[in-house]
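Note on naming: letters A, B, ... go to the chains in the order of the sequence lines (proteins, then strands), and numbering restarts at 1 for each one.
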Number of protein chains: 2
Amino acid sequence: MGRHKEFDKEAVLHKAMLVFWKKGYEAASIPDLLEAMDLSRSSLYETFGDKQSLYIEAINWYKKWKQAKRDILVNATSAKSGIRQYFEIHIDSALDGESPKGCLITNAAVGMDSPDEPLNALIRERFDELEQSFYELLRKGQETGEIMPEKDINTLSYLLSNLNHSINIVAKVQGDRSKMQQMVDMVMEML
Amino acid sequence: MGRHKEFDKEAVLHKAMLVFWKKGYEAASIPDLLEAMDLSRSSLYETFGDKQSLYIEAINWYKKWKQAKRDILVNATSAKSGIRQYFEIHIDSALDGESPKGCLITNAAVGMDSPDEPLNALIRERFDELEQSFYELLRKGQETGEIMPEKDINTLSYLLSNLNHSINIVAKVQGDRSKMQQMVDMVMEML
DNA sequence: ATTTTTCCGGAACATTCGTTCCGAAATGGG
DNA sequence: CCCATTTCGGAACGAATGTTCCGGAAAAAT
């Protein structure tokens, strides 16, 4: 057996993800990535294949990384408070100076040229998952009587996932917390 | 005086805009643009300066081009029907196969790296304009009693412009008309 | 210690990028 | 008709792009 890798694959993948997140796919050059990942070219290409593969892996890593946020919805006992908490965290992370603004997957969706790319499946999947989580939680809320049964939760879940998208966009250009907060309040009143 | 330009500046600018719209700034290469605009390199550089300047001009051209849609809001007599009509057209143009999906300015906003770029001012301006149009129309609706005076039209206008953003994102990945329609209906009920 | 396997730094690759430049063609005013 | 002026096609530029390759170093196994 030969020697081991000198780097932690997940750690450098995380670094790469941050670069893609901040700059977008096209604008993130290999030298950019190498510097952030602190890797040599050959290591990158041997470990990840090529740039596009790395991008896909980065997005999947992002998904896993953000899973915790979605778990809030799955594990919430109360529908309304679960949703409320989800958006609190969503707004927080959309505005904090540490991580890049917006959402990597939303960026990828908007930056996508043709909808036939393999990326598209990944993105739709993610969008659907989120909407599904909202749906499940709303349905539970209906069962417990927290949400009136006659409400069309199909549409409600769509409304919520659109609120999510909007926050991603608005975070990139304005980053006005109070207005986002207002938006969430307004939608919450509909539940 | 020397010879005249052999091309119509606005016509080629329109072509360039379509390329930027479809591919995004980074992915739209000069050869791509040249082919679409049917121009020689020197003509492009002499007429528009460089790629970034062309991009800015293309966005401004897009704004002017889409102004007609916003005029619906400004000239509408009834608030609700004006807003309804705006979104009908918005969804139509978001889904038709002719023009690229989504909205050029939204794409630009999301593709933006640092928020300090000169682009940012342009984008915020456009976002504010749209929100302002919604606001004005809602206010007129309040005056005529079409909309109940106690409604917070500040938040309502923000909600509407976020609905606009959401449609732009969703159009790029799914393009499901009926769901968009539902969304609009739902928000309209709040007015 | 030697062999074997793997990793990694860096040089090198062809290609494409955005941009510049020059000469020829075309136009309009004198 | 000729000259001044502008446009335009295409060659050429250096820099940056993504990718490949090789040789030596490092680590595990025998």
Excluding sequence neighbours, so at least two apart, what forms ring-ring contact (aromatic ring centres under 6.0 Å, His included) with [X]?
| X | result |
| --- | --- |
| B:Y158 | none |
| A:F48 | none |
| A:Y45 | none |

Pair pattern of DNA chain D in dot-bracket, where unpaired bases get dots and | marks partners in another strand, Watson-Crick or G-U under 3.5 angstrom: ..||||||||||||||||||||||||||||
[X]: which residues meet the salt bridge (charged side-chain N to carboxylate O under 4.0 Å, His left out) condition with it, sequence neighbours left out?
| X | answer |
| --- | --- |
| B:E10 | none |
| A:R139 | A:E136, A:E143 |
| B:D71 | none |

DNA chain C contacts made by residues 44-62 of chain B, counting heavy atoms under 4.0 Å: B:Y45, B:D50, B:K51
Side chain to side chain donor-acceptor pair (under 3.5 Å): pairs with one or both residues in residues 51-60 of chain A, sequence neighbours excluded: A:D50-A:S53
Filtered N/O pairs between nucleotides 11-16 of chain D and protein, under 3.5 Å:
none

Residues that B:D92 engages under side chain to side chain contact (heavy atoms under 4.5 Å, CB included), provided they are two or more places apart: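 Scan of B:D92 (side chain to side chain contact (heavy atoms under 4.5 Å, CB included), adjacent residues dropped) gives B:R177.
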Quiz: residues 29-38 of chain A side-chain donor-acceptor pairs under 3.5 angstrom, not counting sequence neighbours:
from  : atom 1 : to    : atom 2 : distance (Å)
A:S29 : OG     : A:D32 : N      : 3.2
A:S29 : OG     : A:D32 : OD2    : 3.1
A:D32 : OD2    : A:K23 : NZ     : 3.2
A:D32 : OD2    : A:S29 : N      : 3.3

D:dG9 OP1/OP2 closer than 4.0 Å to side-chain N/O of B:S40: yes
